[in-house]
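Data block below; observations after.
Since the model is a prediction, treat every value here as computed from it, not as a measurement. Chain A is the first sequence line, chain B the second, and so forth, proteins listed ahead of strands; every chain is numbered from 1. Values below: every heavy atom of this structure, side chains too, minus hydrogens, waters and symmetry copies.
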Amino acid sequence: MPRDSSLPPLKIHTLSEPDASDTPEPFDDAADYDPNVPIAIDFGSSEVRAGFGNQDQPSHIFTNRISRWRDRRKNRNLTFIGNDTNLDLSVRSQAKSPYDGAIVSNWDYTEEIMEYTFHHLGVNGNDGVSNPILMTEKLATLQSQRENWYQLLFECFGVPQVTFGIDSLFSFYANNDATASGLVINSGNEDTHVIPVMNGKGVLSEAKRINWGGRQSVEYLSNLLALKYPYFPIKPSTHQFQSLYEDFCYVSVDYQDEIRKILTLEELETKNIVVEAPFAETVQPEKSEEELRLQAEKRRETGRRLQEQAKQRRQEKLAQKEEEYEYYTQLKEQMKDQSKKAVLSTLQSAGFDDEQDFKKYLVGLEKTLKRAQVLEAGEEEEVSLADKFDLVDVPDEQLNEEQIKEKRKQRLLKANFDARVKAKEEKLKKEQEEEEARQKDEAWRSEDLQGWIKDKRQKLTALIKTRKEKLKIKNDMKDRKSHAAQKRMKNIATLAEERSRSSAKRSRQQSTVDNDPNDTFGANDEDWLVYNDITSNPEALDQAIEEEYNVIVGLEQQLLEYDPNFTEEDTLDAQYDWRNSTLHLFLRGPRPHDSENINEQHQMHLNVERIRVPEVIFQPSMAGLDQAGVTEICETNFLKKFGSTRSQLSEGSKKLAANVFLTGGNMRLPGVRERIVREFTGMLPMGSNLNVRMASDSAVDAWRGMAKLSQAGSQYKGSYITRKEYQELGADYIKEHNLGNVLFL
Amino acid sequence: MPPSNSPGPMDRIEFLREVAASNSTDGLHLKRASWKKPHRRHKATRQLVTDEWKRLSNTPSEANRLTYFNVEAPPSIYPAKKYCDITGLKASYRAPGNGLRFYNSEVYSLVIKPMAPGVDQQYLRLRGDDIVLK
């Protein structure tokens with residue numbers, strides 16, 4: 001289509017796996033080590049951030065993964081952790097996480113990663129680590145998790161004291177005063193939660209968790225794309241899906257409005273993202289013109305030779321048949337005056353059952369001969385044979401035996417010749433008729449254009465209607481239970497029955513369509529109707545649809561030429577225009593698709609997914625989670641708790657609304673703040689003071705909060721549990737503080 | 001220590017060995033000498049959650065205890081919006097055979113109707129509505 005070539009090509013993003021890095025994780029200078037400075041470790045499910053509390057940035061941030069790599073030559077296992085797993089692709093592919101979902105499940109890995117962390121922080125070991133430790137944990141974590149952490153930190157690393165706190169509260173603390181109030185919305189790698197904070201203390205009785213985070217989103221995206229492109233040539237890695245999610249997904253400010261419009265050409269122009277998987281292009285060697293010509297010549301030559309061979313074989317066969325025919329005619333002549341018994345014995349010795357069998361064979365032979373001669377003659381030069389039929393009209397009495405034979409031959413040939421002439425005449429006549437019809441049509445058009453157009457249009461409408469019906473029947477055929485399919489089976493059954501009944505009457509000999517004397521099919525015109533029913537099988541129907549389509553295209557061509565009101569857009573093809581196809585726009589974006597193009601075969605189009613995937617935290621039901629979304633949880637907090645009503649916010653709720661705080665790695669998606677502002681404005685009473693802000697660095701702020709707490713003097717003193725307390729009070733003891741978990745609400 | 005710009009496979013392995021050696025914590029006393037690694041410290045999350053559930057049901061019930069389970073967000077009180085399982089657009093229709101929701105007749109006739117067996121369940125699984133055999 002000419003229109004498409006004017007469209008600019010879309011920007012193509014490549015789906016790439018990052019290269020292996022060359023720099024191992026650095027070590028902090030052991031000379032700066034001070035055994036009294038608290039160490040803060042945010043042991044998250046995607047990343048570990050670790051550093052000393054007196055710094056303002058964690059000195060180490062690495063992926064929380066560990067890889068056991070086999071050094072085959074030395075027959076040893078080497079362990080790589082964090083960023084070091086990226087030093088080699090084979091190491092990276094074997095990397096595992098100590099987490100299983102949101103929960104630490106492998107404590108051997110955890111122990112090694114913690115030791116690695118201390119080592120890189122430059123800790124000078126002295127029968128353990130002598131620094132106080134601050135750690136993050138999940139909101140309402142399992143007790144076994146905390147027990148294991150206590151065990152690991154106190155018994156293995158021998159640390160003097162540990163503070164545990166909730167990551168999002170640390171992040172809030174890093175960005176606010178110690179006594180600030182606000183509503184914390186955290187969306188992390190494994191879950192999303194909402195915690196109200198009153199005067200610096202997390203109100204965990206109103207905290208709620210949605211079991212959906214960045215990891216689930218990436219998985220959801222990969223599932224959606226796998227179903228969208230089931231025949232995609234490669235399977236992208238989780239890592240690649242993650243970068244698709246981080247780079248291209250965004251939170252829609254008005255989801256309902258956006259999904260209504262997104263699959264339109266104008267919107268897709270900006271919102272459609274093309275991602276191409278890398279592939280090795282196989283280049284077909286281009287053939288030169290000379291080569292192509294030689295190839296074609298060779299093909300023609302072979303064809304000619306084959307044709308000649310076939311012709312020769314045919315002629316040989318024909319000669320043989322002619323001989324046979326002559327022989328048997330002679331035999332027939334001879335048998336005329338012999339006794340019946342003698343005839344039978346002669347025939348039986350020649351391999352026939354009886355006289356009838358013989359006659360039949362002779363008739364069949366005559367027929368095949370006739371046909372073969374026609375075929376042969378058709379290929380010969382058209383020579384006038386009329387003068388060769390001199391003997392045909394001479395009575396037998398005047399001829400000798402030789403001539404009679406010749407006469408019989410001539411009669412055969414003449415019949416052929418006549419038939420050919422007749423066929424030729426008929427063809428000519430038909431051509432003439434067509435030409436006449438065309439002229440008549442043209443004359444009609446020039447005389448009465450309106451009438452002509454009307455007629456053609458009517459024909460077109462009728463054809464399109466029958467086409468639709470045929471398509472429907474074709475569709476029905478696929479269903480065994482449909483009316484069309486059942487009718488067809490019935491027809492076949494009836495035919496089979498008739499055939500078996502009539503076959504009993506037939507003679508034992510083989511009979512073909514050509515020489516079966518009992519076969520009277522076709523004598524009656526109604527016989528042919530059977531084909532109308534039986535041909536309604538899918539293949540024949542396909543053919544009929546194809547033929548009809550050609551007629552439609554022909555008619556449309558005429559109308560396009562002469563009818564000013566009939567444009568390209570009215571044609572049947574235009575109705576299958578990709579621009580009008582939701583699925584095309586969804587799968588192939590705002591450009592035509594060429595399924596032969598190898599680049600396009602390796603392309604995925606992200607459009608609805610871009611907003612569909614991040615939307616789950618607002619509408620968890622989309623992904624099958626039977627939980628309220630972020631907005632609904634906040635709505636409950638604002639309007640039903642802290643003494644508020646739907647129409648009147650309490651003082652506490654006002655404080656929450658004035659400081660809505662977004663944190664967590666998954667909140668880095670674009671548009672999330674705008675969306676929350678929009679939804680909260682709609683839900684809060686008119687004129688409420690709403691203030692929504694993002695954590696200054698969603699991923700690192702939790703660590704900063706820990707560092708800040710470790711320098712906070714008295715507040716810090718109230719937050720840690722010492723080794724002595726652990727030994728006395730046991731593993732289920734929790735030191736409750738503003739930013740940590742609590743045992744009772 | 002980083003290898004040259006185009007390290008050969010041997011260099012790379014040598015480099016990996018060097019990094020692993022530099023990460024070795026032997027003799028650094030980061031762990032207490034008395035520490036003995038406990039046995040079998042690997043449990044799947046599902047098992048850990050079940051254990052927690054058992055622990056909570058065995059301890060005397062205290063209504064206001066904060067647990068892993070009661071911080072879960074409750075089900076929504078609003079009716080769930082329905083979206084096309086294929087395209088994600090708003091769905092007004094539902095396929096009679098398998099219950100897939102769809103946006104328009106084109107999606108139905110070109111995707112849902114000729115769908116291979118089992119694929120419908122994959123779509124349904126995405127919104128947690130598939131048939132799970134136990």
Item checked: Region of B/Tyr103 that comes under 4.5 Å of a non-hydrogen atom in chain A ->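 Contact with chain A involves the side chain of B/Tyr103 alone.
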Next item on the list: Check whether B/Thr87 gets within reach of chain A through its side chain, its backbone, both or neither, counting any heavy atom under 4.5 Å.
Entry: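 Contact with chain A: backbone and side chain both.
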Next item on the list: State whether a side-chain donor-acceptor pair under 3.5 Å links A/Asn124 with B/His29.
Entry: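 No, B/His29 and A/Asn124 have no side-chain donor paired with an acceptor closer than 3.5 Å.
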Item checked: Any donor-acceptor N/O pair, A/Glu115 side chain to B/Thr25 backbone, under 3.5 Å ->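 No: the side chain of A/Glu115 does not pair with the backbone of B/Thr25.
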Note to self: Atom NZ of residue position A/Lys228 - does it have more than 12 heavy atoms of other residues, nucleotides or ligands inside 6.0 Å?
What the structure shows: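 Enclosed: over 12 neighbouring heavy atoms sit under 6.0 Å from NZ of A/Lys228.
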Hey, which of [options] has the most heavy atom pairs under 4.5 Å with chain A?
{"options": "B/Lys81, B/Glu52, B/Lys31, B/Lys82", "value": "B/Lys31"}
{"options": "B/Ala20, B/Ala73, B/Gly128", "value": "B/Ala73"}
{"options": "B/Gln122, B/Arg46, B/Lys36, B/Arg55", "value": "B/Arg55"}

Next item on the list: Could you give me the CA-CA distance, side-chain angles and deciding distance for B/Val19 and A/Leu78, then say whether side chain to side chain contact (heavy atoms under 4.5 Å, CB included) is met?
Entry: CA-CA 9 Å; B/Val19 172; A/Leu78 302 182; over 6 Å; no
Notebook entry, point to check: Are B/Glu72 and A/Lys208 close enough for a salt bridge, meaning some N to O gap below 4.0 Å?
Noted result: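 Salt bridge flag = no for A/Lys208 with B/Glu72.
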Next item on the list: Please look at A/Thr110 and chain B and tell me whether the side chain, the backbone, both or neither of the residue comes under 4.5 angstrom of a heavy atom of that chain.
Entry: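 When you check distances to chain B, no heavy atom of A/Thr110 falls under 4.5 Å.
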Check: Do A/Arg209's NZ or CZ and the ring of B/Tyr68 fall within the cation-pi criteria of under 6.0 Å and 45°?
Finding: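 Here A/Arg209 passes the 6.0 Å and 45° test against B/Tyr68.
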